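Order of the sequence lines sets the chain letters (A, B, ...), proteins ahead of strands, with each chain counted from 1. Computed from heavy atoms alone, side chains included, the values below leave out hydrogens, waters and symmetry copies. Please read all numbers here as calculations on a predicted model, not as lab measurements.
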Number of protein chains: 2
Amino acid sequence: MAVSPTQATQSDVVDAIRRDILDGELVAGQRLVEAELSEWLGASRGAVRGALIDLTHEGLVERIANRGARVRVVSIEEAVEIIEVRAAVEALCAAKAAEKITDEEIAELRQLGEDMSAAVASGDVGTYSRLNTRLDERFIAISGQKVAAETIARLQGRSVRHQYRLAYRPGRSQISLPQHLAIIEALARRDPTAANRAVREHLASVLDAVREVASSRWEPSGGR
Amino acid sequence: MAVSPTQATQSDVVDAIRRDILDGELVAGQRLVEAELSEWLGASRGAVRGALIDLTHEGLVERIANRGARVRVVSIEEAVEIIEVRAAVEALCAAKAAEKITDEEIAELRQLGEDMSAAVASGDVGTYSRLNTRLDERFIAISGQKVAAETIARLQGRSVRHQYRLAYRPGRSQISLPQHLAIIEALARRDPTAANRAVREHLASVLDAVREVASSRWEPSGGR
DNA sequence: CGTACCAAAATTGTTGACAATCCTGCGAGA
DNA sequence: TCTCGCAGGATTGTCAACAATTTTGGTACG
């Protein structure tokens, strides 16, 4: 999108392309020609090339030797798998977090819970969605599990496009809010087992919703 | 180690360096100078550079801007975290595998179990260790969870050095063999819950052993 | 009408030279 | 003796030109 006045560095390019993919500016399957992006972003071709390689490792871009890069298409099946893995790892984090959470952090999460309730009550889906993400990030950080955090971050990007549709489905907030509050309460009670289960139940529900959206999108689209 | 007569390509370099790190040929913390490796492996500096970037993403190499690459040192704490995450994800795979395993695959795993028992009985730790790895790979493949497989593969490399010491500890085989057989039996019974639990129990035991090795290695070593 | 082939264009891959950065060792001054 | 500063060397980072590969469009031939 924005072309900066100064020369863009490689990590700038990575961020820019990643954002465009996540925002849907670059659609799945679209070709990513190095020379084009280079001019588009005001960076050297080398930088763009390196960025595409990085994004390939993140799973957002697909590269075939001598045949260029395209935005990776993640099938519903793959999205489901990603959420299943995330469920397993996040549940681990939740259990660990419940064991080492401090009083201040509990207060912080409770506040977060109230904000979420308020956002849902006022129908502000955008804010609610952002608070969701924050809750995830917070309890993963609290768990102190760096490897798990890195693993989840890696997977996050790939599934975000599929989860995006979800947030704005009517009634979705009402389903997920109590689940999020349950996670918070389990952490506040310092109950690892309950926290583990609460996270799993939440992601199982997300999974159902993703599958449902998938099947409901079978008919309208007629594309390749 | 071996320098091939023909020009080595980038993926050759990745493989060569990875193998050397995993084999302990390159020790943790050792500097990896691009020009040296380039001459050593008979590849261009660009190829070596690219390989080091790839290995950085794998977590085997650590790179600091303008200051070069070194073999990443994975602390005991990190190894523990890695095994915890692996436990969560492999348990997921085991449960999924139990749901879709075929009769042929059950026979194959049972055979594997017998081979493992034989290897332990004859004290052939090397073979036993290799069969272990195969068992892991097989039930992950059977589960059909590509994302989980990729996630585990990523983590595998980093923890392998810590697990390596383990295999040759006296008595270790006797502890882990029944756990492996339990995994096989749970899969053969097509019991997802039991398979999940069997994998978790096995990796919990690995975890204990890693921690124990860690504490027993506190005294002999005199620091970096 | 379809197919095989070929050259031109477009695109990616690689290399080598140069620029930028960091580390080392030495010497001057307090 | 210790600290600071500064060249010199070593190492990494970047770029632009060149090579290799794939795609495309057209044409001749069956």
Restricting to side-chain hydrogen bond (donor to acceptor under 3.5 Å, both in side chains), what partner residues turn up for B/R158, sequence neighbours left out?
A/E150, B/E78

Donor-acceptor check, side chain of A/R63 to backbone of A/A69, threshold 3.5 angstrom: yes or no?
no

Distance in angstrom units between A/R70 CZ and C/dT11 P, rounded
12 Å

For A/L52 and C/dT11, give me the distance from atom CG to atom P, rounded to whole Å.
14 Å

Would the number of heavy atoms belonging to other residues, nucleotides or ligands and lying under 6.0 Å from CZ of A/R169 be above 12?
yes

What's the CG-P distance between B/D54 and C/dG13, to the nearest Å?
13 Å

B/R31 CZ - D/dT11 P separation (whole Å)
6 Å

Are OP1 or OP2 of C/dT11 and a side-chain N or O of A/R67 less than 4.0 angstrom apart?
no

Counting side-chain heavy atoms from C-beta on, which of D/dG13, C/dT12, D/dT11 comes nearest to B/E34?
D/dG13

Scanning both residues in full, the closest heavy-atom pair of B/T151 with A/T151 reads CG2-CG2, 3.5 Å

Side-chain donor/acceptor pairs under 3.5 Å, residues 85-93 of chain A, sequence neighbours excluded:
unit_1: A/R86; atom_1: NE; unit_2: A/E90; atom_2: OE2; d: 3.1
unit_1: A/R86; atom_1: NH1; unit_2: A/Q156; atom_2: OE1; d: 2.9
unit_1: A/R86; atom_1: NH1; unit_2: A/Q163; atom_2: OE1; d: 2.9
unit_1: A/R86; atom_1: NH2; unit_2: A/E90; atom_2: OE2; d: 2.8
unit_1: A/R86; atom_1: NH2; unit_2: A/D136; atom_2: OD2; d: 3.1

Phosphate oxygens OP1/OP2 of C/dG13: is one of them under 4.0 Å from a side-chain N or O of A/R63?
yes

Note: A/N196 and A/A95 closest approach over all heavy atoms is ND2-CB, 4.2 Å

Over all strands shown, is A/L32 touching base, sugar-phosphate only, or nothing at heavy-atom distances under 4.0 angstrom?
sugar-phosphate

Just the rounded figure in Å: distance from C1' of C/dA9 to CG of A/N66.
16 Å

Measure all distances between protein nitrogen or oxygen atoms and nitrogen or oxygen atoms of nucleotides 14-16 of chain C, and list the pairs falling under 3.5 Å.
unit_1: C/dT15; atom_1: OP2; unit_2: B/S44; atom_2: OG; d: 2.7

